[in-house]
Amino acid sequence: MRWTQTFIPTMKETPEGAEIPSHVLMLRAGLINQVMAGAYTYLPLGLRSLRKAERIVREEMDAAGAVELAMPAMSPQHLWEQTGRVAAFGDVLVQTTLRRKDRKVSVVFGPTHEEIVTTLALHHISSYRQLPVILYQITQKFRNEERPRFGVLRTSEFLMKDAYSFNASLESLNASYEAMYAAYCRIFERCGLTYLAVEAESGPIGGDASHEFMAPADNGEDTVLHCPACGYAANQEKAEIGARDFVPPKIPLHELRKVDTPGASTIEQVSNFLKCKPEDLIKTLIYVADGRPIAVLLRGQHEANEGKIRRAVGAGSVELAPPEVIEKVTGAPVGFAGPVGMKEKIPLWADRDVQKIINGVTGANAAEAHLTGVNLGRDFTPDHFADLRNALDGDPCPRCSSTLRLRHAIEIGHVFKLGTKYTDALGAKFLDANEKLLPIIMGCYGIGVNRILAALIETSHDENGILWPMTLAPYEVVVIPVKVPDEKLMAAAVKLHDELAAQGVEVLLDDRDHRAGVKFKDADLIGVPLRIVVGDRGLKEGKLEAKWRWEKDSKLIDLAAAAETIADQIRQERLDNARFRGRGKC
RNA sequence: CGGGGUGUGGCGCAGUCUGGCUAGCGCGUCUGGUUUGGGACCAGAAAGUCGCCGGUUCAAAUCCGGCCACCCCGACCA
């Protein structure tokens with residue numbers, strides 16, 4: 001392809017509003033163009049990379065035994081009502097009404113396709129002999145994100161690979177899950193991404209029923225905890241905290257005192273007012289668990305983890321209590337709850353770290369007042385201790401004796417054992433070998449294809465532009481004739497281009513009549529892995545100059561065998577991204 | 001949905017507080033010339049309803065009111 005024939009609108013300056021590297025570079029390199037908040041046109045270069053990611057996903061899905069189909073973006077709203085997901089998605093669901101003569105049809109633009117694929121199973125799967133089967137598609141999904149942001153990372157329309165397994169037994173589900181998990185590892189590997197498979201909230205099945213594939217990146221919206229020593233990794237919702245050994249220091253216990261704290265109700269206000277540290281405060285949160293109030297005690301600097309609370313309490317639902325419940329239970333306005341002298345006797349659940357607080361500070365269950373010198377055992381005794389808070393950087397690993405590291409990450413994939421949620425709701429059953437009618441067991445497996453590109457750029461760029469791995473690069477080689485008006489030089493460049501193309505190499509010929517510097521800058525910006533410079537200096541000696549985007553120095557190659565040499569190197573790099581992976585280490 | 005910010009040729013910005021000549025600058029684009037290995041130089045040119053609507057005024061990019069769009073932080077995220 002000649003540069004002058006295609007459409008690559010690069011920009012020297014960063015458009016207003018783009019902040020994170022992937023967004024800035026995708027715009028500057030002419031990969032995408034914004035249409036509105038959360039909607040982008042993929043320009044020729046961006047589309048080429050997107051298609052490459054898509055192709056890798058497709059190849060690995062096929063290799064893992066999944067079969068491709070294509071479901072429509074539009075589906076009838078009643079399907080989504082049957083599964084309760086019109087309410088569950090709320091405003092995120094894109095809905096519209098179609099007029100068809102005198103009728104009106106309510107339709108949903110699919111944010112995902114469980115309802116549709118399960119209905120398909122309902123129609124066509126009735127016997128265990130048809131199972132297992134894994135169906136997948138790679139299609140546009142629609143979600144009305146309340147706040148689209150970070151360029152292509154969070155948009156209202158995006159390309160997603162969604163796969164669904166239909167299984168007759170849990171063992172079969174586990175096998176499908178393992179197959180998808182392994183395929184995901186190969187996909188992200190081939191895309192040149194560094195990733196973690198982290199444990200995530202597992203829903204109805206429990207156990208190891210859900211993993212998120214995360215690309216660690218400073219600008220990621222998700223938070224994961226990772227133990228470099230043993231490899232334990234989980235998202236912050238799920239991450240357990242290991243044993244916290246604690247020897248109580250031998251310091252004298254203060255007397256319990258009630259002090260006025262006018263206007264101070266938050267942790268920050270109270271610790272400022274009383275000149276103590278947040279970790280000395282016993283944060284007391286009133287939750288309603290399955291309709292009953294409970295108190296959750298945490299150290300001041302910690303955040304409650306509602307999932308952990310729900311599991312510890314064994315409740316179906318847990319939410320922060322409304323003000324009137326808090327006032328009724330504590331006898332005080334919101335902000336002054338404490339475990340000592342609460343008006344009503346409700347279960348006290350304490351996070352394990354509360355045991356470390358000596359001479360603590362807590363709400364007095366009275367307006368504008370706190371207690372100081374509060375001590376566990378003497379002044380209050382929790383009914384239960386449990387792990388109730390979000391894990392933090394430096395917390396003990398739950399699997400080994402090391403400590404957890406907190407990292408931000410971009411979620412690029414998710415595998416999930418769904419169970420029978422949708423087959424129950426829609427009545428998709430099969431007859432097993434014993435002639436018993438059972439709901440089909442499902443798994444679902446998603447990959448955000450656009451996010452593969454964003455995550456790659458986010459973690460693979462330098463001050464000049466993108467560093468693509470060969471497997472995702474929009475073009476594999478860029479040939480730059482240094483002087484376009486020089487006919488001999490140009491002829492050599494065209495010949496190389498044609499020979500490379502004939503060998504199946506994706507080659508871009510920068511035939512623009514610009515100064516060399518301009519073309520070098522653009523080549524770096526769009527990140528083509530291999531750059532071949534055709535210049536008069538080298539040409540005199542029958543040489544071309546080859547430079548890998550991520551390496552510092554260029555090498556001379558013989559003009560005579562150039563196409564062969566380059567094609568061989570490209571083919572090798574396509575296989576394993578080995579040079580790319582070694583970037584920066586030479 | 002709460003808080004903050006921005007809107008001026010294709011892109012990045014100045015001008016707005018303190019109303020007043022023909023609305024500037026850099027990049028890009030076009031023409032001619034000189035150049036040609038890391039975003040060249042000279043000369044010239046095209047390109048703007050100053051986000052939209054209304055108001056105040058002799059006069060509005062500038063002041064007032066309303067609306068819209070975009071961005072950032074937070075909340076939310078099957």
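What you are looking at is a predicted structure, and each value in this text was computed from that prediction instead of being measured. In the text below, chain A, chain B and the rest are named by the order of the sequence lines, each starting its count at 1. Basis for what follows: all heavy atoms, side chains included, without hydrogens, waters or symmetry-related copies.
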Nearest-nucleotide 5' precedence on RNA chain B, T14(A) against P148(A): T14(A)
Any-strand Watson-Crick or G-U partner of rG74(B), both distances under 3.5 Å: rC1(B)
Complementary nucleotide of rU62(B), counting Watson-Crick and G-U pairs under 3.5 Å: none
Which residue lies more 5' along RNA chain B, comparing D522(A) with E146(A) via nearest heavy atoms: D522(A)
Euclidean distance for P, rG65(B) against rC25(B) (whole angstrom): 33 Å
Whole-angstrom distance between rG48(B) and rG15(B), as gauged at atom P: 23 Å
Who pairs with rA69(B) - Watson-Crick or G-U, where each distance is under 3.5 Å: rU6(B)
Any side-chain donor near an acceptor of the partner, S49(A) and W468(A), under 3.5 Å: no
Touch class at under 4.0 angstrom, heavy-atom based, for K12(A) against every strand present: base
Touch class at under 4.0 angstrom, heavy-atom based, for V482(A) against every strand present: base
Residue pair D511(A) / T4(A), side-chain donor-acceptor N/O under 3.5 Å: yes
rC71(B) and rU56(B), which share atom name C1', separated by this distance in whole Å: 32 Å
Partners passing side chain to side chain contact (heavy atoms under 4.5 Å, CB included) against R154(A) (at least two apart in sequence or in another chain): E145(A), R149(A), E221(A), R451(A)
Touch class at under 4.0 angstrom, heavy-atom based, for Q34(A) against every strand present: sugar-phosphate
Inter-nucleotide P distance (rU16(B), rC63(B)), Å rounded: 9 Å
Sugar-phosphate, base or nothing in reach of N464(A), heavy atoms under 4.0 Å: nothing
Nucleotides bounding contact with chain A, strand RNA chain B, heavy-atom threshold 4.0 Å: rU6(B) to rA78(B)
Nearest-angstrom distance, C1' atom, rC42(B) to rG24(B): 22 Å
Sugar-phosphate, base or nothing in reach of A88(A), heavy atoms under 4.0 Å: nothing
Separation between the P atoms of rA59(B) and rU22(B), rounded to whole Å: 15 Å
Modelled atom types, side-chain donor and acceptor of Y164(A) and H113(A), under 3.5 Å: no
Sugar-phosphate, base or nothing in reach of D486(A), heavy atoms under 4.0 Å: nothing
Sugar-phosphate, base or nothing in reach of E114(A), heavy atoms under 4.0 Å: nothing
Side chains of Y287(A) and R310(A), donor plus acceptor under 3.5 Å: no
P-based separation of rA46(B) from rU36(B) [nearest Å]: 31 Å
Inter-nucleotide P distance (rC27(B), rG44(B)), Å rounded: 15 Å
Who pairs with rC41(B) - Watson-Crick or G-U, where each distance is under 3.5 Å: rG33(B)
Residue matched to rG28(B) through Watson-Crick or wobble contacts both under 3.5 angstrom: none
Contact list for residues 20-39 of chain A, test ring-ring contact (aromatic ring centres under 6.0 Å, His included), sequence neighbours left out: H23(A)-Y40(A)
Partner nucleotide, any strand, of rG19(B) [Watson-Crick/G-U, under 3.5 Å]: none
Option among Y445(A), F188(A), F213(A) that satisfies the ring-ring contact (aromatic ring centres under 6.0 Å, His included) test with Y181(A): F213(A)
Verdict with supporting geometry, D536(A) and K483(A), salt bridge (Lys or Arg N to Asp or Glu O under 4.0 Å): CA-CA 8 Å; D536(A) 36 13; K483(A) 287 177 193 149; 2.8 Å; yes
